[in-house]
Amino acid sequence: MSRIAVLISGEYRKFDVTRPTMTFLNEENVDVYISTWDKTIFSNKRINLNVAEDVTEERIIKDLGRPATIKIDSHRLIEVDPKYNSKMIDRWLTGFNLIKSSNIKYDYVIVMRPDLIFDKNAPPSLDRISRYSEIPK
């Protein structure tokens, strides 16, 4: 059985709603890493929506329903690498550093956003992951 790290990175958004569709996170061979910020913000000027919610480790563990390695940084103190100038890349790099510092050898690393919804009638199966030795042309 392959050992898999799943990195959930980015703004937390409505992970409590999307998590039940992520049944693959319940598998024994999956370790979960989360890289996010301490606030998640929903805003839409057209409908006058502006909501900011706190994101805590307790909230994440409750929503996830299992242990995970979690890194929460202040949404105000994000130091973005000027080479990439992207908050999302910052979360990826932070998450990959969590995985690297675990010293666990993984066969696969899956990177995903917290707000992805999967089809409950056809949930993804991690036993069908393919490894590419070269990029297809």
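Hydrophobic clustering of Ile, Leu, Val, Met, Phe, Trp and Tyr side chains at less than 4.5 Å, counting indirect connections, keeps V111 apart from I117. When hydrophobic clusters are built by joining Ile, Leu, Val, Met, Phe, Trp and Tyr residues whose side-chain heavy atoms come closer than 4.5 Å, directly or via intermediates, I89 is grouped together with V109. Hydrophobic clustering (ILVMFWY, side-chain heavy atoms < 4.5 Å, transitive): I34 and I41 are in distinct clusters. V17 and I8 are assigned to two separate hydrophobic clusters, defined by single-linkage of ILVMFWY side chains at heavy-atom distances under 4.5 Å.
Rounding to the nearest 0.5 Å places CG of L7 at 10.5 Å from OG1 of T69. To the nearest 0.5 Å, atom OH of residue Y12 and atom CD1 of residue I72 are 8.5 Å apart. Between the OG atom in S35 and the CZ atom in F96 there is a gap of 10.5 Å [rounded to 0.5 Å]. Atoms CZ and OG1, on R19 and T23 in that order, are 8.0 Å from each other to the nearest 0.5 Å. Atoms OG1 and CG, on T18 and D115 in that order, are 6.5 Å from each other to the nearest 0.5 Å. If you take CZ on F42 and CG on N50, they are separated by 11.0 Å, rounding to the nearest 0.5 Å.
Nearest approach of D107 to R3, heavy atoms of both residues: OD2-N, 2.7 Å. Considering all non-hydrogen atoms of both residues, W37 and G10 come closest at CZ3-C, 3.5 Å. Shown here for L64 and A68, the closest heavy-atom pair between the two residues is CD2-CB, 3.4 Å. Among all heavy-atom pairs drawn from T21 and F118, the shortest one is OG1-N, 3.0 Å. For the residue pair K14 and E53, the shortest heavy atom distance occurs at NZ-OE2, 4.5 Å. Across R113 and M88, no two heavy atoms sit closer than the pair CG-CE, 4.0 Å.
Under the 3.5 Å distance criterion, the side-chain polar atoms of R59 are matched with a main-chain donor or acceptor of D54.
You'll find the side chain of F15 stays beyond 4.5 Å of the side chain of T40, heavy atoms only.
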As a quick check of understanding, evaluate side chain to side chain contact (heavy atoms under 4.5 Å, CB included) for I4 and F24, giving each step before the final call.
CA-CA 10 Å; I4 301 169; F24 55 89; over 6 Å; no
For a side chain to side chain contact (heavy atoms under 4.5 Å, CB included) check, start with the C-alpha distance between M22 and V32, then their side-chain angles and the critical distance, and finish with the verdict.
CA-CA 12 Å; M22 301 176 187; V32 178; over 6 Å; no
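Salt-bridge annotation for D73 and R91: present, with a side-chain N of the basic residue lying under 4.0 Å from a carboxylate O of the acidic one.
For the side chain to side chain contact (heavy atoms under 4.5 Å, CB included) with V55, the qualifying choice from D63, I70, T36 is T36, the only one to do so.
Atom CG of N48 sits in a sparse spot, with 12 or fewer heavy atoms from other residues, nucleotides or ligands closer than 6.0 Å.
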